[in-house]
Amino acid sequence: MADKTSGRTPLMAGNWKMNLNHQEAVVLVQKLAWTLADKRHDYSAVEVAIFPPYTDIRSVQTLIDADRIPIKYGAQNVSTRENGAYTGEVSASMLAKLGCSYVIVGHSERREHYGETDEWVALKAKIALKHGMTPIVCVGEGLAQRREGNHLGFCTDQVDRSLGGLTATEVAGIVIAYEPVWAIGTGETATPQDAEEVCAGIRQQIETSYGGPAADSVRILYGGSVKPNNVAALMTEPDIDGALVGGASLHVDDFAAICRYYDLPVL
Ligand code: PGA
């Protein structure tokens with residue numbers, strides 16, 4: 001069983017990115033639910049959430065509702081706008097209506113390829129909360145900052161700006177994902193100590209800006225080439241409350257193993 005003593009429920013979040021159509025999504029969710037049911041996964045001990053592309057969400061909702069599958073789901077992005085003439089955008093109210101529990105905001109791929117700024121990320125976090133969804137706010141340094149040794153300051157500045165306008169109570173309930181850009185999709189994982197250094201620094205920053213209760217309850221995930229062979233060691237760190245998993249979340253056996261990290265050896 002999960003041996004976390006922080007009182008924060010670990011969260012394993014699978015970010016599918018731009019992969020799998022709605023039919024493939026249904027197959028993957030069914031297989032994941034069966035695999036975890038087989039092992040009698042306790043979803044209240046380790047929460048499981050998936051992030052399909054927008055076009056899959058309605059099908060995922062229908063399946064999860066019909067079969068009462070205790071897997072949560074969310075979107076990979078959301079508009080900063082409520083509604084109106086914003087071609088191509090998808091609103092928070094639309095996602096809430098589809099039963100999304102979470103929204104990923106500020107993923108490094110959106111920051112890098114679509115020019116998302118911290119200010120936009122803060123607006124997205126705010127609008128997700130307004131519509132009853134939990135934002136997963138992503139931050140993380142690039143290779144340059146890591147080489148300069150400025151990674152911690154870079155990430156805590158990003159956290160400060162990306163949470164701008166949220167109250168301490170709101171911050172207590174959100175999720176932050178620390179994803180060093182150099183470790184995403186590269187097979188390079190930060191060592192558990194590297195990841196813990198930044199996750200602990202982020203928690204410290206939350207304490208300074210929002211107070212102890214918010215710092216104690218905010219969940220901080222690590223992301224970047226998380227696999228069954230490295231998740232258990234990452235999860236032994238006191239400030240790492242789960243993982244944001246990209247590539248491995250597309251493989252049912254790998255993602256199910258990650259969700260059950262406490263059965264895996266610490267390598
Ligand atoms: P990865 O992606 O696990 O494929 O490195 C993580 C992410 O981008 O969230």
Side-chain angles (χ1 to χ4, degrees), residues 10-20 24-25 28 32 46-54 56-57 71-78 100-116 121 124-125 128 134-143 145-146 151 154-155 158-159 162 174-192 194-196 198-199 202 219-235 237 240-261 264 267:
L11 169 63
M12 294 302 170
N15 173 14
W16 295 2
K17 309 193 181 185
M18 197 171 71
N19 294 293
L20 308 184
E24 293 164 334
L28 194 151
L32 181 61
V46 179
E47 208 184 319
V48 178
I50 52 163
F51 296 81
Y54 286 141
D56 300 359
I57 296 177
I71 294 173
K72 297 189 179 158
Y73 56 91
Q76 299 171 16
N77 187 24
V78 64
C100 288
S101 303
Y102 292 100
V103 180
I104 296 174
V105 297
H107 190 279
S108 65
E109 287 153 13
R110 297 216 54 86
R111 292 175 183 267
E112 185 183 337
H113 303 308
Y114 303 98
E116 280 194 13
V121 175
K124 291 180 177 200
T134 302
I136 299 183
V137 179
C138 302
V139 298
E141 83 282 1
L143 198 52
Q145 293 91 21
R146 169 65 57 173
H151 47 282
F154 183 88
C155 292
Q158 264 190 333
V159 166
S162 301
I174 69 164
V175 178
I176 296 171
Y178 166 55
E179 298 202 302
V181 177
W182 49 270
I184 296 179
T186 58
E188 292 280 332
T189 330
T191 64
D194 289 339
E196 171 62 17
V198 179
C199 292
I202 290 172
R219 287 187 292 177
I220 304 178
L221 313 183
Y222 169 77
S225 299
V226 173
K227 308 280 181 228
N229 66 4
N230 57 29
V231 66
L234 288 159
M235 290 301 290
E237 299 294 341
I240 299 178
D241 303 317
L244 183 53
V245 184
S249 72
L250 298 171
H251 304 281
V252 171
D253 290 339
D254 285 352
F255 190 58
I258 289 169
C259 294
R260 302 178 58 78
Y261 63 90
L264 295 169
L267 300 175

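Order of listing sets the numbers, starting from 1, for every ligand and every atom in it. Only this structure's heavy atoms are used, side chains among them; waters, hydrogens and symmetry mates stay out. Since the model is a prediction, treat every value here as computed from it, not as a measurement.
Close contacts between ligand 1 and G185 involve ligand atoms 1 (P), 4 (O), 5 (O) [criterion: under 4.0 Å to a heavy atom]. Below 4.0 Å from some heavy atom of G247 lie the following atoms of ligand 1, by number and element: 1 (P), 3 (O), 4 (O). Atoms of ligand 1 lying under 4.0 Å from any heavy atom of G224, numbered from 1 in the order shown and given with element: 5 (O). Distances below 4.0 Å separate heavy atoms of N15 from the following atoms of ligand 1: 9 (O). Close approach of ligand 1 to H107 is summarised as follows: ligand atoms under 4.0 Å from at least one heavy atom of the residue are 7 (C), 8 (O), 9 (O). Close contacts of ligand 1 with A183, meaning ligand atoms under 4.0 Å from a residue heavy atom, involve 5 (O). Of all atoms in ligand 1, numbered sequentially from 1 with element shown, those under 4.0 Å from a heavy atom of S225 are 1 (P), 3 (O), 5 (O). For ligand 1, the atoms closer than 4.0 angstrom to any heavy atom of E179 are 6 (C), 7 (C), 8 (O), 9 (O).
Proximity of G223 to ligand 1 is not established, as no heavy-atom distance is less than 4.0 Å.
The distance from the NE2 atom of H151 to the CD atom of E141 is 6.5 Å, given to the nearest 0.5 Å. The CD1 atom of I240 sits 9.5 Å away from the CG atom of L221 when rounded to the nearest 0.5 Å.
Applying the side chain to side chain contact (heavy atoms under 4.5 Å, CB included) rule to D254 yields the partners P228, A248, H251; only residues at least two apart in sequence or on another chain are considered. The salt bridge (charged side-chain N to carboxylate O under 4.0 Å, His left out) search around E109 returns K17, not counting sequence neighbours.
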- With side-chain hydrogen bond (donor to acceptor under 3.5 Å, both in side chains) as the test, would you mind laying out the steps for E116 and H107 before giving the verdict? CA-CA 9 Å; E116 280 194 13; H107 190 279; over 6 Å; no

- Query: What do the steps show when you test S162 against R111 for side-chain hydrogen bond (donor to acceptor under 3.5 Å, both in side chains), and what is the final call?
  - Reply: CA-CA 12 Å; S162 301; R111 292 175 183 267; 3.2 Å; yes

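Of the protein's heavy atoms, G246 N, 2.9 Å lies nearest to atom 3 (O) of ligand 1.
Nearest approach of F51 to A75, heavy atoms of both residues: CD2-O, 3.4 Å.
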